[in-house]
2 protein chains.
Amino acid sequence: MYKALLDHIEKFITLEPSEIDKLESCLELSTIKKKEHVLKEGQVCNIMYFVVKGCMRQYIINHKGTEQTLQFGIENWWITDYLSYHNHIPSSFYLQAVENSEVIALDKTVLESLLIEIPNLERYFRIVTQKSFGAMQMRIKFLFTMSAEERYHHFNDNFPEFVQRVPQYMLASYLDFSAEFMSKIRAGKV
Amino acid sequence: MYKALLDHIEKFITLEPSEIDKLESCLELSTIKKKEHVLKEGQVCNIMYFVVKGCMRQYIINHKGTEQTLQFGIENWWITDYLSYHNHIPSSFYLQAVENSEVIALDKTVLESLLIEIPNLERYFRIVTQKSFGAMQMRIKFLFTMSAEERYHHFNDNFPEFVQRVPQYMLASYLDFSAEFMSKIRAGKV
DNA sequence: TGAATTTCTTGAAGTAGTTCAAGTTTTTAA
DNA sequence: TTAAAAACTTGAACTACTTCAAGAAATTCA
């Protein structure tokens, strides 16, 4: 169902029926199995992913060999490596499905031609990216000002349903502390 | 001089002469004195700032009363609180000049009407924001994977001239460690 | 269903940083 | 051109977290 994306777009802009047809003709839904990768470190990222259903994540493997999740993407979020995408350089990241997911994968070539045919879409992506950037600014603020325990409680208070969906060790690394410390926070042993 | 902004825009898109005129007629250069604020915590941010000359920063005051710099904006960067800007909510941040600076302050109302008259500008802001988002993704990666000392050296290697321009304590907080620890790193006492 | 795999827990020992306080150096501005 | 303010340095004591290792619980899938 492309409806999820069309609904999301129409929260920000209005499309002509002909534009909707054009857009729909370019979209393709893909199914990504849990743990499957859509991007690995070293590959150039030419695709933007819109999550229709499920959950994706961006992560790296650090020098100790441990995975660290930098970003989650759930329903109605776009996820990609923007630096690799724009500069045609090898990515530093992995993009992987955390749950069985349905995504709309928009190839750069396809997207570029869509943006030319439907200039109004530029506006949609401009607004959505600026909002994501704002969210990222807040994230840095939280990382800088809160203790590990505060970050856990804050996240848990704001996204209680999401906390149930992902393994604790992934969330721990996203909040920038160890899986073991997460266990202790949850057990009240800190 | 608006030339700095026009040059920057024309790196990404091409404007008609009439569009350039229109754009120029809406721009105004302002001078911000070192340490002057253009936004304080609690105010709604309705303006985007393009740095023509000088250096601006976004910071917060943490629970200990210490300033923590979250972002710098130098020549050819846009700086604003995107969340406050888009959602009309009070900002969590301060925006301040680090050096005497010249900025183009683009009011939301003015920008909105410009974007309608020059739809191509949407493309410019879309690309610029996506690239900034990419830079932010890398920043999180560095914060997550490098030690304080590594972050300092990495920044110093990549932006040696910038390191000279700002007080060390601001850079220390931007790299997420204390001013005292920065001193010790520089003295080789770690 | 049950064996394999993945995820979570626990405690003990270690460490990369912070905090504090005081002194020194550099910059600013009258 | 000097007094005040801002920025930087230093060492000692502390602490919020990590690391390691091993076992327990939960989940997956053949």
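Quick note on labels: first sequence line is chain A, next is B, and so on, each numbered from 1. Nothing here was measured: the structure is a model prediction, and the numbers come from that model.
In this structure, CE of A:M170 is placed 11 Å from C1' of C:dT6, rounded to the nearest angstrom. Distance B:E67 CD to D:dA7 C1': 12 Å, rounded to the nearest Å. Rounded to whole Å, atom P of D:dC17 lies 7 Å from atom CD1 of A:I185. For B:L171 and D:dA7, the CG to C1' distance is 14 Å, given to the nearest whole Å. Nucleotide D:dC17 holds its P atom 12 Å from the CG atom of A:L143, rounded to whole Å. For the pair A:R186 CZ and D:dA26 P, the interatomic distance rounds to 12 Å; values are reported in whole Å.
Between B:E36 and B:Q96, the side chains place no donor N or O within less than 3.5 Å of an acceptor N or O (distance only, hydrogens not considered).
Within the structure, ring-ring contact (aromatic ring centres under 6.0 Å, His included) pairs that include any residue of residues 13-49 of chain B comprise B:H37-B:Y59, B:H37-B:Y94 (at least two apart or interchain).
When the shell of 6.0 Å around CD of A:E112 is examined, it contains more than 12 heavy atoms from other residues, nucleotides or ligands.
Taking the six-membered ring where the residue is Trp, A:F155 and A:F159 present tilted rings, their angle falling between 30° and 60°. Between B:Y174 and B:F72, the ring planes are tilted. Angles from 30° to 60° get that label.
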message: As a quick check of understanding, evaluate side chain to side chain donor-acceptor pair (under 3.5 Å) for A:R186 and A:Q168, giving each step before the final call.
response: CA-CA 10 Å; A:R186 287 164 50 94; A:Q168 280 175 39; 3.2 Å; yes
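Look at A:Q168 and you won't find any side-chain N or O under 4.0 angstrom from OP1 or OP2 of C:dT6.
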statement: Scoring nucleotides 11-30 of chain C by protein non-hydrogen atoms under 4.0 Å (B base, S sugar-phosphate only, - none) yields BB----SBBB-------S--
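The shortest non-hydrogen separation linking A:G54 to A:E75 is N-OE2, 3.0 Å. Across B:I13 and B:N120, no two heavy atoms sit closer than the pair CD1-O, 3.5 Å.
The overall bend of the helix from C:dT1-D:dA30 to C:dA30-D:dT1, read as the angle between its terminal helix axes built from five base pairs each, is 70° when rounded to 10 degrees.
Under a cutoff of 6.0 Å and an axis angle of 45°, A:K108 and A:Y85 form a cation-pi pair.
For B:Y169, counting side-chain heavy atoms from C-beta on, the closest listed nucleotide (D:dT9, D:dA7, D:dT10) is D:dA7.
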